[in-house]
Structure formats: C-alpha cells, structure tokens
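Input: a single structure, listed below in structure tokens.
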Amino acid sequence: MSDKPTPDERIPDHASGILGGRGGGPLFNGTTRRSFNTEALERNLFGTIRSIRRVFSLVWETSRLFTLVVFATTIVAALIPAAQIWLAGELIDEVARAISVGGGDQYERRVILLAILQLLLFLLSNVLRSATALSQLLLGERLRYHVQQMIMAHANTLDLADFEDATYYDELQQAQREASTRPLGMVNSVFGLLQSTITFVTMAGLLFQLEWWIALVVLLSPIPAFLSGASYSMRGFRQMVRQSPNRRLMDYLRTIVTTDSYNKEIKVFGLGGYFVKRYGEVADDAYQETRDLAVKRQAAATLWGAIPVIATSGTFLYVALQAVRGHVSLGSLAVYTQAAQQGQAAFQGILSGVQSIYENSLYLTTLENLLDREPLISAPEDPEPVSRPFRSGIEFRNVSFRYAGKTEDAVTDVSFRIDPGETIALVGKNGAGKSTIVKLLARLYDPSEGSILIDGIDIRNYDPQELWQEYSVMFQDFVQYQLTAGENIGVGNLRNVDDLPEVMDAAQRSGASALIESFPQKYETILGKWFDGGTNLSGGEWQRVALARAFMRDAQILILDEPTAALDPQAEFDLFQRLRNLAAGKMTLFISHRFSTTRYADRILVLDGGHLVEQGTHDDLIAREGMYAELFELQAASYR
C-alpha cells in the first residue's frame with residue numbers, strides 16, 4: 001500500500017497560520033495526520049490565541065458599545081441557570097414541607113416569594129437573550145461591512161500580478177464569503193465559551209454535593225462527540241479549500257449567463273443552455289462531496305451524541321432511587337437532575353466553543369493570507385521627488401520581462417527613448433509585447449531585467465502613488481463604470497470629480513459631449529443597464545467616454561492602448577486631431593493596429609516576438625521595406 005497521503009489527508013499550506021501571523025504553525029506538522037506532534041499543537045494553540053486577540057481587536061474597533069453589551073449580558077446570563085435550579089429546588093421542598101404539616105400562611109408566603117423570584121429570573125433571562133440577539137445582529141452587520149472594506153482597501157494596495165493570479169482569486173472569494181461572518185462567529189464562540197464555563201462551574205458545584213463520580217461521568221461524557229466534531233471540522237475546511245476553484249468557476253458561469261456584458265453573444269450563439277449545464281455539472285460534483293461529508297458527520301454526531309444522553313438518563317435514575325430511599329428530598333431530585341442536564345449541556349457548550357473557535361480560525365486563514373499579501377511595487381524608504389515638468393524624458397534600457405509561470409520572456413532586451421513632447425506609436429502582431437511595454441511603463445510591473453528611467457532616475461526609486469499622478473491612461477479593456485456620465489469622466493481626476501466645467505471640457509475634447517448632452521439628464525445620466533434608469537452605449541460611445549476620462553488629468557505621460565479600436569473613420573480622424581493638441585508638451589505612447597493612425601506619431605516602434613525590430617518615422621519604415629512595410633501593405637491591400 002502506498003504511503004502517499006490521500007487528498008483528504010493533506011493540509012493546505014495556508015492553514016499554517018491563524019490570522020495572527022504565520023507563526024501559528026500547522027496543527028499537523030507537514031502534510032498528513034500521521035505527523036501530528038505536541039510542538040505543532042502548541043504552536044497552533046498560540047496561533048489560535050493570537051487569532052482571538054486580533055479578532056476581538058477588530059470587533060472592538062467596529063463597535064465598543066455592542067461588544068460591551070454582549071460581554072455584560074453573557075456574564076449575567078451564565079449565572080442565571082444555577083440560580084433558577086436552586087430556586088426550583090427550594091420551591092419544591094417548601095411545597096413538600098407545607099403538604100407534610102398541613103399548610104400555613106408562612107409556607108404560602110414563602111412559596112409566593114420564591115415563585116416571584118423565579119419569575120423575575122425568567123424575565124431577566126428573556127431580556128438578556130433579546131439584548132444579546134439584537135447586539136449580535138447589529139454588531140454582525142457593522143462587522144460584515146467593516147471586514148469587506150478592509151478586504152477592498154487591502155486589495156487596492158496589491159499589484160496587477162496578484163489580480164492575474166488564480167490563487168489570489170481563490171483566497172479573495174473565500175475571504176469575501178467567510179470573513180464577513182467568521183470574525184463575529186469567533187467572538188460569539190468566545191463569549192459562548194465564557195458563558196458555558198461559568199455555567200459549568202456552578203452546575204459542577206451542585207453535582208459534587210451529590211457524588212463526585214456522578215459529576216465526572218455526566219460532565220465528561222460529551223468529550224467523544226467533541227473529538228469527532230473537531231475531526232470533521234478539519235475535513236470540512238480541507239473540502240472548502242479543494243472546492244474553491246470549482247466554486248469560483250460556478251460564480252463565473254453564473255456571471256456569464258446573468259450579466260448584460262455577455263448576453264448578446266450568449267443569445268446569438270445559443271450558449272445559455274451549455275453554460276447552465278456546465279454549472280449544473282460542477283455544482284453536482286460539489287454537492288455530492290458536501291453531501292458525503294455531511295452524512296458521515298451527522299452519523300458520527302448521532303452515534304457519539306448518544307453517550308451524554310445515556311449518562312443523563314442514568315443520573316436521573318440514580319437520583320430518583322436515592323429520593324425513593326429517602327436519601328435526598330424531592331427538591332434535591334429536581335436540583336440534581338436539572339444540574340446534570342444543564343451541566344452536561346454547559347460542558348458540551350465548552351467543547352463546542354473550543355471546536356467553533358478552532359474551525360473559525362481555520363477559515364479565517366483565508367483572510368490572513370489575503371491581508372498578508374504585500375505589494376512588490378511600493379515606495380522606497382526615501383523616494384525621489386517627481387519633477388514637473390520632466391526634463392529628459394523616458395528611457396527603456398535593456399528591458400526584459402517574463403510573466404510568472406511562463407518559460408519565455410514577453411519582451412526581451414528592449415531599449416528606446418521617448419523625449420519630452422514626443423509621440424511614439426507601438427505596432428506589431430498580437431502577442432508581440434506591446435501591452436507588456438505599456439504595463440511596464442505604467443509601472444504595473446517591474447522589469448525582470450534592465451531598467452526604465454524617467455528623468456534619468458529608475459522608476460523604482462519613485463513613490464508609485466506620486467508617479468501615477470503624472471500618467472493618463474486608457475487601456476484597450478477600459479472600464480465601463482455603471483455610474484453617471486459625469487462620474488465616468490470625473491474619476492479620471494478625483495480632485496476635480498465634481499467639477500462639472502472640467503468634466504464637460506474633457507468630454508468636449510474626446511468627442512463625447514454631443515452624446516452626453518443629448519441625454520435628458522445629461523451628465524447625471526447613469527450609463528449602463530445595471531441600475532434603474534441607466535442608458536446603454538455602443539462600443540464607440542463607451543470609448544469616447546473612456547477617452548474623456550483620460551483627458552481629465554493634466555498628466556505628463558499619456559498612454560493610449562488602441563484608442564480608436566471602436567471608432568468609425570470620421571471619429572478616428574477627429575480624435576487624432578484632438579490628440580495632437582492634447583499631446584503637445586507631453587510624452588505620448590499609443591498602441592494601434594490601424595496604420596492610418598500611426599502616421600501621426602513622431603516615431604514608430606515595431607515589436608516582434610518581444611523584440612524591438614524596427615523604429616523610425618512612417619516614411620522611414622516604409623522605405624526600409626521591413627516588417628512595418630509588410631504589415632502596412634497587408635492592411636492597405638484590404639482597402640483596394
């Protein structure tokens with residue numbers, strides 16, 4: 001038989017830390033159950049404690065009031081059961097004494113007083129439950145939004161490479177799905193553990209008055225069920241990790257079928273049924289795996305859960321026989337049997353709390369992993385100031401870059417300059433490396449080799465946030481914000497997002513103003529159809545809006561990735577007339593597959609297979625009869 005661990009035995013690496021840092025260590029040191037050791041358990045215990053501390057800090061930060069209310073009600077609620085049981089026993093014994101002596105006013109008054117006290121305890125318990133439930137509900141809502149904001153804010157600091165990493169999306173989906181509820185679940189588990197512990201101590205005190213061994217049997221009988229539950233919690237976590245890619249695929253398939261961006265092609269090609277079927281196949285696999293684990297878990301819970309039931313029933317029989325023999329009173333019978341039941345329930349609550357804390361800690365590792373991701377593109381300790389204006393332009397010096405997981409460079413040993421006020425066009429076949437050059441210039445990636453200089457300074461020596469203020473970019477896959485027309489344009493410069501004259505000027509320069517002015521609500525018109533009252537646009541209309549967004553910023557570097565791809569010839573001509581004015585005094589880099597537009601560039605760079613193979617003016621490159629001339633001739637032939 002092979003010693004290789006089964007998939008169910010493997011522990012994912014990211015389960016090694018429990019929110020408070022990677023020092024938490026795996027419960028199972030290595031990859032299988034067989035390598036369990038005390039040192040690993042100790043590391044995991046301290047990691048869980050750090051997890052509790054960090055989560056409580058998060059909850060306290062979210063709402064101090066609700067946290068204090070839940071804590072206070074938990075303490076009081078933990079003491080009430082013992083008081084209720086004691087009062088019930090006193091009440092029964094008082095009634096029995098009254099019956100034995102034929103009654104009397106003094107007995108009635110005592111019975112009424114005990115009944116009133118018991119009623120007050122029931123009312124107090126009811127009020128505490130309501131206060132706790134309300135506080136937990138409101139705290140949960142605030143915490144859910146707070147955690148989602150944390151995830152969004154941290155995601156905003158990460159590199160483009162993270163957003164092109166499937167592992168990141170798995171972590172993000174898990175964190176968004178689980179982290180909004182797990183922190184509160186952790187807090188509730190800790191408070192529940194505290195309440196159960198206090199209740200357990202009070203019940204144990206009552207039971208030890210009967211027989212110490214009875215107390216131990218009753219209170220410790222839930223342990224087998226706890227150990228079984230803890231084992232299945234780990235298996236459930238491993239299952240969640242394994243299923244993450246498939247659940248992300250399910251989300252993607254659902255988006256394809258239910259989102260307007262895909263609907264036209266889905267209908268024309270008749271793809272709806274295909275994607276619905278794909279979703280069903282993936283969902284069935286996930287369901288079957290979940291069902292198999294759930295059935296086993298519930299079967300084990302039923303089996304091991306019978307032990308506490310047997311122990312409680314045996315305790316009741318023992319105390320009943322003691323009452324029949326006159327060794328205990330009827331009130332004591334009620335006290336001990338209820339103490340056995342509630343003490344056992346409290347101990348089960350302790351074990352369940354420990355299991356829940358551990359389980360929540362496992363799931364919260366996804367949030368830890370996400371928040372532990374650090375951007376590689378960040379400001380140096382002493383960043384260089386960004387000059388305005390730039391004096392010596394941009395230089396790519398022997399730049400090579402390879403994407404993660406690839407075996408070949410996307411660009412290799414590329415060198416060129418862009419002088420202040422110069423417009424450069426990038427051309428080449430698909431996959432030649434044009435978009436990679438744009439991403440490197442925009443410092444969305446750093447070169448694998450070589451350097452990119454602005455004003456003679458490596459761009460890695462600038463604060464990227466400050467440097468990005470000098471960029472105005474329109475990517476080929478520009479964003480279609482489902483916001484108002486004014487916001488769609490204004491977000492190009494957040495400092496002037498509400499400055500309508502600036503927004504209108506940018507729209508005028510991009511050719512989007514006539515379109516927007518034709519809408520009844522003009523710049524307050526919601527674009528897109530995701531929200532009520534929205535207006536959908538054609539591809540070319542969206543492109544004009546995206547261009548207006550790029551024109552909002554008075555940047556020194558203008559980057560345009562296929563700016564005319566969705567424009568008709570007249571609109572293309574009008575746009576480049578505007579671009580020539582816009583690019584005055586700026587360094588402009590644009591990608592285009594239309595050679596009619598590249599003629600406007602001061603210089604053209606030709607890429608092939610990641611290498612810079614030609615550069616020069618349009619006329620120079622045509623005269624050279626190289627790749628550019630060949631591509632130009634191929635495109636021109638289609639118009640003849």
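Note that the numbering runs from 1 along the sequence shown for the chain.
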Please check this pair: side chain of [X] against backbone of [Y], looking for a donor-acceptor N/O pair closer than 3.5 Å.
X	Y	result
Glu384	Ile457	no
Asp458	Arg460	yes
Glu614	Met627	yes
Ser415	Asn398	yes
Arg278	Leu249	no
Gln482	Lys529	yes
Lys434	Phe590	no
Asp159	Pro375	no

Shortest non-hydrogen contact from [X] to [Y]?
X	Y	result
Val479	Arg549	O-NH2, 2.8 Å
Pro385	Tyr462	O-CE2, 3.5 Å
Asp463	Pro383	N-CB, 3.7 Å
Gly393	Met587	CA-SD, 3.4 Å
Ala442	Trp468	O-NE1, 2.7 Å
Pro420	Arg391	CG-O, 3.5 Å

Is the shortest side-chain heavy-atom distance between [X] and [Y] below 4.5 Å?
X	Y	result
Asp446	Leu376	no
Asn536	Trp542	yes
Val411	Phe396	no
Ser387	Gln556	no
Tyr523	Thr484	no
Leu631	Val427	no
Arg397	Pro447	no
Ile489	Met552	yes

Which distance, rounded to the nearest 0.5 Å, do you find between the [atom1] of [X] and the [atom2] of [Y]?
X	Y	atom1	atom2	answer
Ile424	Thr588	CD1	OG1	9.5 Å
Ser592	Leu560	OG	CG	10.0 Å
Thr157	Met152	OG1	CE	13.0 Å
Ser472	Arg553	OG	CZ	6.5 Å
Asp505	Asp499	CG	CG	10.0 Å
Leu440	Ile459	CG	CD1	7.5 Å

Steps toward side chain to side chain contact (heavy atoms under 4.5 Å, CB included) verdict (Leu515, Arg544) = CA-CA 9 Å; Leu515 169 70; Arg544 290 190 186 96; 5.7 Å; no

request  = List for me each residue that meets salt bridge (charged side-chain N to carboxylate O under 4.0 Å, His left out) alongside Arg254, sequence neighbours excluded, and say none if there are none.
outcome  = Asp251

Full working for salt bridge (charged side-chain N to carboxylate O under 4.0 Å, His left out) between Asp554 and Arg388 = CA-CA 11 Å; Asp554 181 23; Arg388 191 170 181 88; 3.2 Å; yes

task = Please determine if Arg624 and Asp620 form a salt bridge, counting it only when a charged side-chain N lies under 4.0 Å from a carboxylate O.
result = no

key: Salt-bridge criterion met for Asp561 and Lys439 (N-O under 4.0 Å)   = no

ask   = What do the steps show when you test Met474 against Gln543 for side chain to side chain contact (heavy atoms under 4.5 Å, CB included), and what is the final call?
value = CA-CA 9 Å; Met474 178 185 161; Gln543 196 156 26; 3.2 Å; yes

task = Determine, step by step, whether Leu612 and Val606 satisfy the side chain to side chain contact (heavy atoms under 4.5 Å, CB included) criterion, reporting the C-alpha distance in whole Å, the side-chain angles of both residues, the deciding distance to 0.1 Å, and the verdict.
result = CA-CA 6 Å; Leu612 179 59; Val606 184; 5.6 Å; no

Val473, Ile559, Leu426 screened by side-chain contact (heavy atoms from CB on, under 4.5 Å) with Leu441, the one that passes = Ile559

task = With side chain to side chain contact (heavy atoms under 4.5 Å, CB included) as the test, would you mind laying out the steps for Ile557 and Phe390 before giving the verdict?
result = CA-CA 9 Å; Ile557 300 173; Phe390 292 133; 3.9 Å; yes

message = Test of understanding: with ring pair (Phe, Tyr, Trp, His ring centres under 6.0 Å), list the residues that count as partners of Phe401, not counting sequence neighbours.
response = Tyr403, Tyr445

